[in-house]
Amino acid sequence: MGVLDKFEKGVERVMNNAFARVFRSELKPVELASALRREVDDRAAAVDRDRTVVPNEFTIQLSPDDFAQVEGWGAEPMADEFAANVTEYAASQHYAFVGPVTVTFEERTDLEPGRYQLRSRSTRGNVAPPSAAPSSRHPLVDIDGQRYLLTGPVTVIGRGSEADIVVDDPGVSRKHLEIRITGDGVVATDLGSTNGLYVEGHQVPAATLLDGNSLTIGRTRILFWTGAESDER
């Protein structure tokens with residue numbers, strides 16, 4: 001099943017088959033999904049031998065009529081499905097993001113029904129979807145099955161909304177753990193949490209992480225990967 005086929009299935013799942021009828025004009029959701037995919041290809045930029053970066057923030061500008069229909073049916077689940085489709089396509093092409101993928105809709109009064117404009121940009125964040133293999137510069141963490149590529153020099157993990165990665169665990173402090181990427185390695189540091197940081201079962205104030213290390217905060221397990229074995233081959 002192709003990426004666009006999966007997108008259509010996802011659309012049906014999210015909107016109970018209504019999304020396919022959301023646009024009364026000639027503009028169709030699959031057309032927008034294809035446009036997002038082309039935008040990713042057109043804006044792909046090789047930053048080194050093994051890393052090609054693509055935009056992670058997309059704005060779809062619609063006519064007032066089309067925008068009103070999107071708002072009426074629910075812009076948020078539609079945008080989430082588009083973002084998931086872009087993320088999956090980027091992974092299939094081994095593209096990388098520098099921040100979280102977002103898709104938003106915007107009204108433009110000078111557009112006619114069925115017409116649209118697409119804008120994109122790369123906006124750096126501290127985490128991104130794992131569309132590329134992890135490396136020592138951009139390691140990956142797996143938190144209870146949810147994976148994040150660390151794209152910033154410092155990533156804070158905690159229960160509070162101010163954390164870069166928010167963990168739903170009452171045993172985790174609002175700002176519990178910091179993961180810092182340095183020239184000498186990746187260092188995990190306890191940020192004065194209530195329940196502490198455990199690396200490979202040992203409570204530590206800080207530790208330099210190795211590929212495959214297991215960290216525990218509260219009841220949450222974090223796996224750390226750099227792909228070191230792949231880098232050596």
Measuring from atom [atom1] of [X] to atom [atom2] of [Y], what distance do you get when rounded to the nearest 0.5 angstrom?
X: Thr102; Y: Arg121; atom1: OG1; atom2: CZ; answer: 8.0 Å
X: Ser193; Y: Glu178; atom1: OG; atom2: CD; answer: 12.5 Å
X: Glu107; Y: Ser63; atom1: CD; atom2: OG; answer: 8.0 Å
X: Leu149; Y: Thr151; atom1: CG; atom2: OG1; answer: 6.5 Å
X: Arg115; Y: Arg108; atom1: CZ; atom2: CZ; answer: 12.0 Å
X: Glu71; Y: Met78; atom1: CD; atom2: CE; answer: 9.0 Å

Validation row: [X], [Y] side chains within 4.5 angstrom (heavy atoms):
X: Val141; Y: Ile165; result: yes
X: Leu36; Y: Arg38; result: no
X: Ile60; Y: Leu32; result: yes
X: Asp142; Y: Ile222; result: no
X: Val156; Y: Leu191; result: yes
X: His176; Y: Asp190; result: yes
X: Phe67; Y: Asp65; result: no
X: Tyr198; Y: Leu215; result: no

Do [X] and [Y] sit in the same hydrophobic cluster, where Ile, Leu, Val, Met, Phe, Trp and Tyr count as joined when their side-chain heavy atoms come under 4.5 Å apart?
X: Val172; Y: Val154; value: no
X: Leu118; Y: Phe97; value: yes
X: Val40; Y: Tyr116; value: yes
X: Val167; Y: Val199; value: yes

Next on the checklist: What verdict does the side chain to side chain contact (heavy atoms under 4.5 Å, CB included) test give for Gln117 and Leu111, after you've listed the backbone C-alpha separation in whole Å, the side-chain angles of each residue and the deciding distance to 0.1 Å?
Outcome noted: CA-CA 9 Å; Gln117 291 290 330; Leu111 289 175; 4.1 Å; yes
What are the two closest non-hydrogen atoms of [X] and [Y], and how far apart are they?
X: Ala128; Y: Gly99; result: CB-O, 3.5 Å
X: Gly125; Y: Pro100; result: CA-CD, 4.3 Å
X: Pro129; Y: Val101; result: CG-CG2, 3.8 Å
X: Ala163; Y: Gly158; result: CB-N, 3.5 Å
X: Ile181; Y: Gly152; result: CD1-O, 3.6 Å
X: Phe224; Y: Leu210; result: CD2-O, 3.4 Å

Donor-acceptor pair, side chain of [X] and main chain of [Y], under 3.5 angstrom:
X: Asn56; Y: Val98; answer: no
X: Asp66; Y: Gly114; answer: yes
X: His94; Y: Thr52; answer: no
X: Gln61; Y: Phe105; answer: no
X: Asn195; Y: Gly218; answer: no
X: Thr104; Y: Thr59; answer: no
X: Arg147; Y: Pro130; answer: no

Item to check | Option from Asp164, Leu140, Ile143, Ile157 for which side chain to side chain contact (heavy atoms under 4.5 Å, CB included) with Tyr148 holds | outcome: Ile143
Next on the checklist: Show, in sequence, the C-alpha distance, side-chain angles and deciding distance for Tyr89 and Asp41, and conclude whether the side chain to side chain donor-acceptor pair (under 3.5 Å) test is met.
Outcome noted: CA-CA 10 Å; Tyr89 177 68; Asp41 287 334; 2.7 Å; yes
Checklist entry - Should Ile179 and Leu150 be marked as a side chain to side chain contact (heavy atoms under 4.5 Å, CB included) after you check the CA-CA gap, both sets of side-chain angles, and the distance that decides it? => result CA-CA 9 Å; Ile179 298 179; Leu150 307 187; 3.8 Å; yes
Atom [atom1] of [X] with >12 non-hydrogen neighbours under 6.0 angstrom:
X: Glu200; atom1: CD; value: yes
X: Glu112; atom1: CD; value: no
X: Asp42; atom1: CG; value: yes

Next on the checklist: Using the rule given for side chain to side chain contact (heavy atoms under 4.5 Å, CB included), can you reason through Asp211 versus Trp225, listing the C-alpha separation, both sets of side-chain angles and the distance that settles it, and then say yes or no?
Outcome noted: CA-CA 5 Å; Asp211 192 51; Trp225 302 103; 3.7 Å; yes
Checklist entry - salt bridge (Lys or Arg N to Asp or Glu O under 4.0 Å) between Lys175 and Glu162: does it pass, once the steps are laid out? => result CA-CA 8 Å; Lys175 287 187 175 181; Glu162 64 270 29; 5.3 Å; no
Item to check | Pair Glu57-Thr123, side chain to side chain donor-acceptor pair (under 3.5 Å): steps then yes or no | outcome: CA-CA 7 Å; Glu57 290 191 357; Thr123 302; 3.2 Å; yes
Next on the checklist: Checking Asn126 against Thr155 for the side chain to side chain donor-acceptor pair (under 3.5 Å) test, could you report, in this order, the C-alpha distance in whole Å, the side-chain angles of both residues, the deciding distance, and whether it holds?
Outcome noted: CA-CA 6 Å; Asn126 287 337; Thr155 302; 5.2 Å; no
Next on the checklist: Less than 3.5 Å apart, any donor N or O on the side chain of Ser214 or Arg221 sitting next to an acceptor on the other?
Outcome noted: yes
Item to check | Ser120: partners by side chain to side chain contact (heavy atoms under 4.5 Å, CB included), with sequence neighbours left out | outcome: Glu39, Arg43, Pro55, Phe58
Checklist entry - Where do Thr189 and Leu177 land on the side chain to side chain contact (heavy atoms under 4.5 Å, CB included) test, with the steps shown first? => result CA-CA 6 Å; Thr189 303; Leu177 167 67; 5.8 Å; no
Next on the checklist: I need the full list of salt bridge (Lys or Arg N to Asp or Glu O under 4.0 Å) pairs touching residues 125-139, with sequence neighbours left out, sorted by first then second residue.
Outcome noted: Asp48-Arg137
